[in-house]
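Convention: sequence-line order gives letters A, B, ...; per-chain numbering from 1. Computation of the quantities below employed the complete heavy-atom set of this structure, encompassing side-chain atoms and omitting hydrogens, waters and symmetry-equivalent molecules.
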Amino acid sequence: MKINGVKGMNDILPAAVGRWQEIEQVAREVFALHGYREVRTPVVEPYALYARGVGEATDIVTKEMYVFEDKGEEKLALRPEGTAGTVRAYIEHGAHVEGPQKWFYVGPMFRRERPQKGRYRQFHQIGVEAFGIAEPDIDVEQIAMLADLFRRLGVAPVVHVNSVGDAACRPAYLEELRGWLRERAAVLCADCRERTERNPLRVLDCKVPSCQPVLAEAPRLLERLCDGCRAHFAAVRQGLDDLGVAYQVNPRLVRGLDYYVRTAYEFTSDALGSQSAVAGGGRYDGLVETLGGQPTPGIGFGMGEERLALILEAAGRPVPRTVPEVFFVSADDTGRREAMRRAAELRRAGVACDLDARGGKLARQFKQAERVGARYAVVIGGNEASSGQAKLKDMATREEAPVALSGLVARFRPTPA
RNA sequence: GUGAGUGUAGCUCAAUCGGUAGAGCACUGGACUGUGGAUCCGGGGGUUGAGGGUUCGAGCCCCUUCACUCACCCCA
């Protein structure tokens, strides 16, 4: 009986894993340059953390979370996103006493949705959270950092920014919008009528053609922001302009989770099919308090690694691959023992090398050397072992040159920095 | 949860009207007894996703089921 992997949960095989390693490596470099430090939190958290933090009524909590009882003791959930767990850890360890904290995380998230392009049940996110900074400069820094990260990877998703208001101005706007939508329920699609009650902001980006002209006239939150939100948003825009970050103000940009206030931003690409967002973030000034901590402003983003990988693929960026510098080819048993010794010697010196432990015909070993991408082959048989002189073959040019076995380490040892 | 599409070798796909399942790539061996990318020749590999039905006969038609893909909802 063959057992297959779980639906929507993918294997990342060696031939593809270089893509993930590259993404994560570049992210770590960029984060380090901006003062973000890594945090690792569990993949499992109390169900209540997400019910309270992400929002009791959100799709994520009501229908997408993997929830289970831990031997009847506690209701647990596989994390559907990274912010709630990071905030829990921030509060639990009293991190606020040491001033603003800039953290990042990398790891799998789980949502039980129907899989499609760019959406999987286990997916991988790279995210950052900045705690304790209410000022708009951190919003600017985060957006610019993300743009820099993408630039280093050779892609340039479109940056959308918006303000979703806060407790001072959003509730009044939502009521105004809801009332306005109810008056026009007759000309809106069924989904929009449903969303009018459940999540009126979502109505604004309805894709149904007949809704578009109606919604274009809808009242706009950006024109009804309170003074604080208005000033914050203006400062974010000014800051992005100062840094030369190109962006679009998108009044329809909405964050899916309850905790977002003020700045919302998103990076999108048309290489992703209908799931166009590769990264999304925003400010969550009330979340830490909601989860039992001191009132603490926060802002962060999550980036989908699978989606970024799709973008890099579409951009034709090659998958990086680690290859051995030297591949030993042995002609006989004596040569093979010598090859094993020399390989060990090179490895201790920090030189990546390999050999075909099956031995066998030279042709097969050379084929294996080629397959693993070795730059050089060294042929060793009984003669070479006793004379100490072997042949060094450049796999690309096929040129051979004599080499002393005792000089291999000096020849290939990485030059100290 | 809803809708559509697709299931044939490890991968990409053929198979005429319903008539004994094939190719390319990949793998493996040989041509080539100490040399990998080309060429030529050989070899292994399949319950045609699964189950049932119609038929003398089903990869093909019908039913059921499962899986995958894309889209909706929503989101990274």
**Q** Across the strands shown, which category fits A:A369 at heavy-atom distances under 4.0 angstrom: base, sugar-phosphate, nothing?
**A** nothing
**Q** Mind calculating the distance between CD (A:E306) and P (B:A76) to the nearest angstrom?
**A** 13 Å
**Q** Would you kindly compare A:R307 and A:R112 by the position of their nearest RNA chain B nucleotide and give the one closer to the 5′ end?
**A** A:R112
**Q** Do A:R371 and A:Q368 get their side chains close enough for a donor-acceptor pair, meaning under 3.5 Å?
**A** yes
**Q** Less than 4.0 Å between a side-chain N and a carboxylate O, is that true for A:R182 and A:E197?
**A** yes
**Q** Could you encode protein contacts along nucleotides 64-73 of chain B as a string, one character per nucleotide from 5' to 3', using B for base contact, S for sugar-phosphate-only contact and - for no contact, with a heavy-atom cut-off of under 4.0 Å?
**A** ----S-SBBB
**Q** Is any side-chain heavy atom of A:N10 closer than 4.5 Å to a side-chain heavy atom of A:Y120?
**A** yes
**Q** Are A:R178 and A:W180 in a cation-pi contact, defined as NZ or CZ under 6.0 Å from the six-membered ring centre and within 45° of the axis?
**A** no
**Q** What is the per-nucleotide protein-contact pattern of nucleotides 28-46 of chain B, from the 5' end, where B denotes a base atom under 4.0 Å from a protein heavy atom, S denotes such proximity for sugar-phosphate atoms only, and - denotes neither?
**A** SSS---BBBB---------
**Q** Within the 4.5 Å heavy-atom criterion, are A:H34 and A:E141 side-chain neighbours or not?
**A** yes
**Q** Using a strict cut-off of less than 4.0 Å between a Lys/Arg side-chain nitrogen and an Asp/Glu carboxylate oxygen, indicate whether A:R119 and A:E113 qualify as a salt bridge.
**A** yes
**Q** Return the set of residues passing salt bridge (Lys or Arg N to Asp or Glu O under 4.0 Å) with A:K63 (not counting sequence neighbours), or none when no residue passes.
**A** A:D59
